[in-house]
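Structure record follows, encoded as structure tokens.
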Amino acid sequence: MPIDIGLNDKARQSSAQALRVLLGETYALYVKTHGYHWNVTGPRFNSLHAMFMTQYTELWTALDEIAERIRALGHFAPGSSSEMLEEATIKPDNGVPDAEAMLSNLVKGHEAISRAAKVGLKVAEENNDIVTVDLMTRRADISEKTAWMLRANL
């Protein structure tokens, strides 16, 4: 069935691609944050373990919202880990860093999400795609606030 939401095919495609990038970054950071939740050690274990849980839960919720927006634009969301990670600049650690490095790595990850959201925001603005503009703005806001809170722990 044709999609008639006030956006042409080209606009829906470019907004969906920007969302795929955001989805990839979010998924990569979700996996990293959840791994840190499992593996953090040291004198701040309880507080960091709980904080990482709050953060990975928020990222998990964001994944669903981003993927559903891609679907609303008439495109399929990536369905596998490898497909989602194709767009990610956030790389896995392939090891277990100490708590300070975990915090620093998560700051960098949230900054990467903020950058991806801001690039996506420009694309969505050019497309007059106000729903995606709103989503990108919220993702940048949440990531920047989370990065600040993580930096406060360093």
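For the single chain, residues carry numbers from 1 onward in sequence order. Just so it is clear, the model here is predicted, and its values are computed rather than measured. Below, all heavy atoms of this structure are taken into account, side chains as well, without hydrogens, waters or symmetry copies.
- Side-chain contact check for V131 versus L135: every heavy-atom pair is 4.5 Å or farther apart.
- The distance from atom OG of S104 to atom CD of E100, rounded to the nearest 0.5 Å, is 9.0 Å.
- Scanning both residues, A116 and V21, for their nearest heavy atoms gives CB-CG1, 4.2 Å.
- Between F52 and H37, the gap from one ring centroid to the other reaches at least 6.0 Å.
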- request: Given side-chain contact (heavy atoms from CB on, under 4.5 Å), test N128 with I130 step by step and report yes or no.
  value: CA-CA 6 Å; N128 199 30; I130 62 170; 4.2 Å; yes
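- Distance alone, capped at 3.5 Å, is enough to place a donor-acceptor pair between the K91 side chain and the A88 backbone.
- Under the side chain to side chain contact (heavy atoms under 4.5 Å, CB included) test applied with M102, the options V96, L48, L150 reduce to a single match, V96.
- The cluster map of Ile, Leu, Val, Met, Phe, Trp and Tyr, joined by side-chain heavy atoms under 4.5 Å apart, puts L22 and I142 in different clusters.
- Considering every non-hydrogen atom in both A16 and L73, the closest pair reads N-CD1, 3.8 Å.
- At least one side-chain heavy atom of N153 sits under 4.5 Å from a side-chain heavy atom of M51.
- Here the closest non-hydrogen pair linking R12 and G74 is NH1-CA, 4.0 Å.
- Neither V123 nor V133 shares a network with the other; the hydrophobic side chains, linked directly or stepwise wherever heavy atoms of I, L, V, M, F, W or Y lie under 4.5 Å apart, form separate groups for each.
- W60 and W38 are members of different hydrophobic clusters when ILVMFWY side chains are connected at heavy-atom separations under 4.5 Å.
- When side chains are defined from C-beta on, L103 counts as touching R44, because their heavy atoms get closer than 4.5 Å.
- Among all heavy-atom pairs drawn from A67 and L23, the shortest one is N-CD1, 4.2 Å.
- A salt bridge between E144 and K118 is present, with a side-chain N of the basic residue lying under 4.0 Å from a carboxylate O of the acidic one.
- To the nearest 0.5 Å, atoms CG (D93) and NZ (K32) are separated by 3.5 Å.
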- prompt: Does the pair T33 and M53 meet the rule for a side-chain contact (heavy atoms from CB on, under 4.5 Å), with working shown?
  reply: CA-CA 8 Å; T33 306; M53 182 175 178; over 6 Å; no
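- Here the OG1 atom belonging to T132 is positioned 10.0 Å from the CG atom belonging to L121, to the nearest 0.5 angstrom.
- Nearest approach of A147 to V107, heavy atoms of both residues: O-CG2, 3.8 Å.
- Side-chain contact check for S14 versus N127: some heavy-atom pair is nearer than 4.5 Å.
- For the side chain to side chain contact (heavy atoms under 4.5 Å, CB included) with R20, the qualifying choice from E25, E83, M84 is E83, the only one to do so.
- Note: I113 CD1 to L59 CG = 5.5 Å, rounded to the nearest 0.5 Å.
- Residues S114 and S143 approach most closely at N-CB, 4.1 Å, considering heavy atoms.
- Each of I66 and V119 belongs to its own hydrophobic cluster when Ile, Leu, Val, Met, Phe, Trp and Tyr are linked at side-chain heavy-atom distances under 4.5 angstrom.
- At a threshold of 4.0 Å, the pair R69-D64 does not count as salt-bridged, since none of the basic side-chain nitrogens sits closer than that to a carboxylate oxygen.
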message: Under the criterion side-chain contact (heavy atoms from CB on, under 4.5 Å), I'd like the reasoning laid out for L85 against Y27: C-alpha separation, chi angles, the key distance, then a yes or no.
response: CA-CA 7 Å; L85 292 172; Y27 184 74; 3.7 Å; yes
task: List the steps and the verdict of salt bridge (Lys or Arg N to Asp or Glu O under 4.0 Å) for K145 and E58.
output: CA-CA 13 Å; K145 182 176 180 181; E58 195 284 324; over 6 Å; no
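- Between the CZ atom of F45 and the CG atom of N39 there is a distance of 9.5 Å, given to the nearest 0.5 Å.
- To the nearest 0.5 Å, atoms CE (M136) and CG (D129) are separated by 8.5 Å.
- Applying the side-chain contact (heavy atoms from CB on, under 4.5 Å) rule to D141 yields no partners; only residues at least two apart in sequence or on another chain are considered.
- Residues Y56 and V40 share a single hydrophobic cluster, defined by chaining ILVMFWY side chains whose heavy atoms lie under 4.5 Å apart.
- Residue I3 places its CD1 atom among more than 12 non-hydrogen atoms of other residues, nucleotides or ligands, all under 6.0 Å distant.
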